[in-house]
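Here's the structure we're looking at; comments come further down.
Side-chain atoms are counted along with the backbone in the values below, which use heavy atoms only and exclude waters and symmetry mates.
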Protein chains: 2
Amino acid sequence: MGVVETTKQRTARKAKPVAVPKEALPLGQILSGDCIEAMRSLPDASVDLVFADPPYNLQLGGDLNRPDGSHVDAVTNDWDQFDSFKIYDDFTRNWLTEAKRILKPDGALWVIGSYHNIYRVGAILQDLGFWILNDIVWRKTNPMPNFRGTRFTNAHETLLWASQGEKAKYQFNYNAMKTLNDELQMRSDWVIPICNGGERLKENGQKAHPTQKPEALLYRVLLATTEKGDVVVDPFFGTGTTGAVAKRLGREWIGCEREDFYRGVAQKRIDKELPLDESALKIMQSKRAAPKVAFGALVEAGFLKPGTEVFDKKRRWVATVRADGSLECGKQTGSIHGLGKDLQGAPSCNGWTFWHYEDEGVVKQLDAARQLYLLAVED
Amino acid sequence: MGVVETTKQRTARKAKPVAVPKEALPLGQILSGDCIEAMRSLPDASVDLVFADPPYNLQLGGDLNRPDGSHVDAVTNDWDQFDSFKIYDDFTRNWLTEAKRILKPDGALWVIGSYHNIYRVGAILQDLGFWILNDIVWRKTNPMPNFRGTRFTNAHETLLWASQGEKAKYQFNYNAMKTLNDELQMRSDWVIPICNGGERLKENGQKAHPTQKPEALLYRVLLATTEKGDVVVDPFFGTGTTGAVAKRLGREWIGCEREDFYRGVAQKRIDKELPLDESALKIMQSKRAAPKVAFGALVEAGFLKPGTEVFDKKRRWVATVRADGSLECGKQTGSIHGLGKDLQGAPSCNGWTFWHYEDEGVVKQLDAARQLYLLAVED
DNA sequence: TAAGTTTGTGAATCTCATA
DNA sequence: ATATGAGATTCACAAACTT
């Protein structure tokens with residue numbers, strides 16, 4: 001396997017096989033119809049990157065309402081309906097096969113998905129000979145909660161990044177990523193908000209597409225694994241986020257999209273897009289996640305053992321730490337903040353400074369344990 | 001499908017099929033030999049949870065045969081990539097099949113892996129009928145950097161949590177998780193340090209095991225998806241992190257481990273582990289677990305007099321409590337839930353939190369009266 | 001205008017006991 | 001089996017609205 005970062009190496013690389021001239025490709029066009037058919041119209045080994053956001057094959061039950069009674073607008077589109085894993089797998093194998101064919105030997109593939117489909121996609125692309133370079137976790141800052149309290153909040157999606165094979169070369173702009181990440185190596189978990197607000201495309205007040213991806217995500221993908229002038233194909237173009245970001249970053253793009261409506265929205269969007277300027281670059285840079293600590297994390301990590309007694313400064317109340325990081329004081333229980341609030345009858349309470357514990361005879365605020373934890377956790 | 005949180009329901013649930021008495025199981029033992037063989041010695045539908053940390057690197061040991069019967073030399077890596085996946089898949093299917101068999105109908109499975117193997121595992125467990133509930137990202141605070149700068153820092157591993165099937169019940173301690181996370185829903189991305197420092201087991205100054213998992217990870221898994229006394233099986237026991245945390249949390253455990261050395265290390269470790277006190281083990285209960293109270297019972301008991309006026313937060317509607325615990329608002333009548341639902345035109349309504357009443361000049365939710373009633377009725 | 005409050009919404013495999 | 005009714009359940013952010 002290998003990495004290519006300089007334009008020089010890249011040029012040498014491209015000269016090797018019979019290169020397909022870019023002019024032979026439908027650059028800057030949205031091909032209509034089925035993506036497998038559309039990709040068949042492209043020559044072998046002709047593109048640098050495929051970015052794919054295929055249907056996730058969600059299998060939703062009935063309607064879902066929020067606790068306030070409002071209705072959740074779910075993805076119920078026909079294009080996300082498959083009758084079985086077998087049918088979904090066949091579909092996946094077919095489009096991945098075409099993607100592999102049109103990619104140059106040193107090209108790469110990105111696919112985004114959720115737990116509903118990503119394990120099918122990952123296994124199949126490995127079967128086809130793709131070589132996984134990283135799996136990337138898109139950590140959403142603002143995911144939809146789990147309204148019924150039945151599972152963990154589904155707060156991330158997964159991207160797979162793969163080369164043509166174990167020994168294949170690929171483009172990785174290491175230094176660009178390091179710069180983007182405040183001079184630290186870019187990690188496999190990316191903290192990026194979901195696409196809403198002004199960026200979210202609307203038609204007649206309705207969202208134009210149910211699953212529009214944030215531009216920041218595509219920005220990072222293209223900045224990390226393509227260089228200027230590279231050709232990027234998106235087989236599931238939707239509203240054209242890939243095309244818009246590619247145009248902004250000076251990459252060539254080709255989209256495939258079955259639905260007339262989405263093609264129209266995408267075309268309009270990309271026509272308005274302008275090449276990148278410096279100020280835009282700064283805006284796209286992600287902020288580092290704030291080191292917020294839950295009290296429960298300290299208990300899990302053994303910094304405070306369940307059963308430990310904690311008390312307020314004047315020892316008016318004594319409570320016991322339980323396994324889940326809640327406190328128990330007589331019949332009353334709650335979080336460090338909530339129980340402190342209830343006991344005092346106060347409107348709010350900062351449990352970190354309200355509660356104390358004894359450590360080898362010395363009385364300390366809970367906040368002291370939090371500081372120790374943060375020190376231990378930050379490499 | 002469904003979630004179970006109360007001990008009461010749980011007991012009823014267990015009584016349904018011919019229950020395997022716990023005494024028939026090798027609780028607190030580390031079974032030697034191949035995990036598939038070891039699991040074969042356990043009865044059907046007998047355990048509550050399987051936690052598995054399978055090998056990624058095909059160190060399967062012993063003789064291996066291709067599906068066509070031809071022999072593969074595992075030690076000299078005498079296979080191509082296709083063989084390698086095939087063999088790994090067969091191995092995975094075999095141990096997952098045994099795991100599924102020994103799990104109770106409402107039991108659950110956890111598997112941890114990295115991008116090398118988790119896509120194989122995920123696809124196969126779906127094929128076997130397991131139903132993925134979440135994929136969880138263990139986000140490492142202190143991962144190994146990518147020294148050569150060729151990829152993104154591989155800063156996470158993935159855990160899959162699955163029930164026996166789409167309609168199967170499963171245990172999820174929602175409120176314990178919410179408490180552990182400072183009163184916010186626990187998300188699918190968990191920030192936990194890697195296992196090092198004093199927790200990392202050493203023998204003669206060397207790491208005892210190359211992939212020892214942090215206890216905080218198992219702590220959260222067991223706290224979230226088991227209750228006290230549940231039986232947890234770990235087919236790839238290693239140095240026994242699962243056993244140690246299970247013992248601490250008052251869960252029963254069974255391990256399988258092929259290597260004598262690891263069995264020795266694990267046994268010594270677990271012998272030293274002490275169970276937590278009863279009180280420390282308690283976790284925040286869900287309201288689902290609380291005894292159900294009929295509104296009519298409050299009225300009967302005089303906690304709310306017939307004729308009392310109740311109203312929603314904004315006083316858009318005012319209703320009168322009737323002797324049978326129903327409400328009347330103009331011509332409309334119904335239960336506290338049903339009337340609230342009808343008046344709002346909402347799909348559902350929790351009358352306990354929707355309706356309010358005045359008690360000595362203070363506005364309170366009906367739920368406050370329920371809490372008073374529960375306190376009075378207990379003991 | 002500025003500041004505070006209310007409302008809307010996002011790739012979601014989202015209940016359970018009883019009749 | 002399937003229908004019914006009780007009742008448990010939400011976080012971050014932005015836009016709209018009010019004071």
Rounded to whole Å, the OH-P distance (A:Tyr56 to C:dA11) equals 9 Å

Review point. Under 4.0 Å: is that the gap between some side-chain N or O of B:His337 and OP1 or OP2 of D:dA6?
Key: no

Item to complete: Look at B:Arg288 and D:dA8 and indicate whether a side-chain polar atom (N or O) is within less than 4.0 Å of OP1 or OP2.
Response: no

When all nucleic acid strands are considered with a 4.0 Å heavy-atom cut-off, which category describes A:Asn65: base, sugar-phosphate, or nothing?
-> nothing

Would the base of C:dA11 count as contacting A:Lys213 through its side chain, where contact means a donor and an acceptor less than 3.5 Å apart? yes

Here the distance between atom P of C:dT15 and atom CD of B:Glu166, to the nearest Å, is 12 Å

When rounded to whole Å, the CG to P distance for the pair A:Leu201 and C:dT9 reads 17 Å

Checklist line | Gap in Å between the two C1' atoms, one belonging to D:dA6 and one to C:dT13, rounded | finding: 25 Å

Which of C:dG10, C:dC14, D:dA12 is nearest the side chain of A:Leu64? It is C:dC14

One should report the stems of DNA chain D, each a stretch of at least three consecutive Watson-Crick or G-U pairs at distances under 3.5 Å, as C:2-10 with D:11-19, C:15-19 with D:2-6

So A:Thr141, base contact, sugar-phosphate only, or nothing? Heavy-atom distance under 4.0 Å. sugar-phosphate

_Whether A:Asn154 contacts C:dT13 is assessed here as follows: a side-chain N or O lying under 4.0 Å from the phosphate OP1 or OP2. Is that the case?_
yes

Rounded to whole Å, CZ of A:Phe147 lies from P of D:dC11 at a distance of 9 Å

Could you tell me whether B:Ile336 contacts a base, only the sugar-phosphate backbone, or nothing, with contacts defined as non-hydrogen atoms closer than 4.0 Å? nothing

Per-pair stack call B:Trp131 and C:dT13, 5.5 Å, 30°
yes

Mind checking whether A:Trp161 and A:Trp110 have parallel, tilted or perpendicular rings, split at 30° and 60°? parallel

Of the candidates D:dA8, D:dT10, C:dA11, the side chain of A:Arg200 sits closest to C:dA11

With the criterion being N/O to N/O and under 3.5 Å, what pairs connect the protein with nucleotides 14-19 of chain D, and how long is each?
none

The salt bridge (Lys or Arg N to Asp or Glu O under 4.0 Å) partners of A:Glu257 (sequence neighbours excluded) come to none

A:Asp73 CG to C:dC14 P, in whole Å, measures 16 Å

Q) If only side-chain N and O atoms of A:Lys207 are considered, is one of them under 4.0 Å from the OP1 or OP2 phosphate oxygen of C:dG10? A) yes

Taken to the nearest whole Å, CZ/A:Arg66 to C1'/D:dG7 is 20 Å

Taken in chain and number order and not counting sequence neighbours, the residues that satisfy salt bridge (Lys or Arg N to Asp or Glu O under 4.0 Å) with A:Lys272 are none

Residue set satisfying ring pair (Phe, Tyr, Trp, His ring centres under 6.0 Å) with B:Tyr357, at least two apart, ordered chain then number -> none

query = Looking only at atom C1', what distance separates D:dG7 and C:dC14, rounded to whole Å?
reply = 15 Å

I'd like a table of donor-acceptor pairs (distance under 3.5 Å, sequence neighbours excluded) in which one partner is a side-chain atom from residues 120-130 of chain B, with atom names and distances.
from	atom 1	to	atom 2	distance (Å)
B:Arg120	NE	B:Asp89	OD1	3.0
B:Arg120	NH1	A:Ala123	O	3.1
B:Arg120	NH1	A:Gln126	OE1	3.2
B:Arg120	NH1	A:Asp127	OD1	3.2
B:Arg120	NH2	A:Asp127	OD1	2.7
B:Arg120	NH2	B:Asp89	OD2	2.8
B:Gln126	OE1	A:Arg120	NH1	3.2
B:Asp127	OD1	A:Arg120	NH1	3.2
B:Asp127	OD1	A:Arg120	NH2	2.7

Atom NZ of B:Lys167 and atom C1' of C:dT15 are separated, to the nearest Å, by 13 Å

Does B:Tyr174 place a side-chain N or O at less than 4.0 Å from the phosphate oxygens OP1/OP2 of D:dT10? yes

Residues 333-350 of chain B vs salt bridge (charged side-chain N to carboxylate O under 4.0 Å, His left out), sequence neighbours excluded, gives none

So the salt bridge (charged side-chain N to carboxylate O under 4.0 Å, His left out) pairs with at least one residue in residues 189-207 of chain A (sequence neighbours excluded) are A:Asp73-A:Lys207, A:Arg139-A:Asp189, A:Arg187-A:Asp189, A:Asp189-B:Arg139, A:Glu203-A:Lys268

Polar pair under 3.5 Å, donor/acceptor by atom type, side chain A:Arg151, base C:dT13:
yes

Point to revise | Pair A:Phe152 and B:Trp190, ring centroids less than 6.0 Å apart | key: yes

Please state whether the rings of A:Tyr262 and A:His209 are parallel, tilted or perpendicular, taking 30° and 60° as the class boundaries. tilted

side-chain hydrogen bond (donor to acceptor under 3.5 Å, both in side chains) with B:Gln164: of B:Lys169, B:Lys100, B:Lys104, only one passes, and it is B:Lys100

In this structure, CD of A:Gln81 is separated from CD of A:Gln59 (nearest 0.5 Å) by 9.0 Å

**Request:** Remember a base hit wins even if backbone is also touched, and classify A:Pro214 as base, sugar-phosphate or nothing at under 4.0 Å, heavy atoms.
**Result:** nothing

- [ ] Select base, sugar-phosphate, or nothing to describe what B:Arg187 touches, counting heavy atoms under 4.0 Å on all strands.
- [x] nothing

- Is the phosphate of C:dT15, meaning OP1 or OP2, less than 4.0 Å from a side-chain N or O of B:Lys169? no

Item checked: Span that lies between the C1' atom of C:dA11 and that of D:dA15, in whole angstrom -> 23 Å

**OP:** Name the nucleic acid region contacted by A:Thr153, choosing base, sugar-phosphate or nothing; use a 4.0 angstrom heavy-atom cut-off, strictly under.
**Re:** nothing

Salt bridge (Lys or Arg N to Asp or Glu O under 4.0 Å) filter on B:Lys282, not counting sequence neighbours, yields A:Glu328

Under 4.0 Å, counting only non-hydrogen atoms across every strand here, what does A:Asp53 touch: a base, just sugar-phosphate, or nothing? base

Every protein N/O within reach of nucleotides 4-8 of chain C N/O, cut-off under 3.5 Å:
from	atom 1	to	atom 2	distance (Å)
C:dT7	OP1	B:Lys314	NZ	2.9
C:dT7	OP2	B:Lys314	NZ	3.2

>> Any base atoms under 4.0 Å from A:Pro143, or only sugar-phosphate, or nothing? Heavy atoms, all strands.
In response: base

For A:Asp260, the salt bridge (Lys or Arg N to Asp or Glu O under 4.0 Å) test, sequence neighbours excluded, returns A:Arg263

chi for C:dT7 classified (syn = within 90 degrees of 0, anti otherwise) as anti

inquiry  = Is the phosphate of D:dA8 approached by B:Arg370 (side-chain N or O, under 4.0 Å from OP1 or OP2)?
reply    = yes

hbond_proxy B:Ser348 side chain to D:dA8 base (donor-acceptor, 3.5 Å cutoff)
yes

I'd like a table of donor-acceptor pairs (distance under 3.5 Å, sequence neighbours excluded) in which one partner is a side-chain atom from residues 289-297 of chain B, with atom names and distances.
none

Next on the checklist: Using a 4.0 Å heavy-atom cut-off, does A:Asn146 contact any base of the nucleic acid, only the sugar-phosphate backbone, or nothing at all?
Outcome noted: base

Walk me through whether A:Arg322 and A:Thr333 qualify under side-chain contact (heavy atoms from CB on, under 4.5 Å). CA-CA 10 Å; A:Arg322 304 198 298 182; A:Thr333 60; 3.6 Å; yes

note: A:Arg120, atom CZ; C:dT13, atom P; distance rounded to Å ~ 17 Å

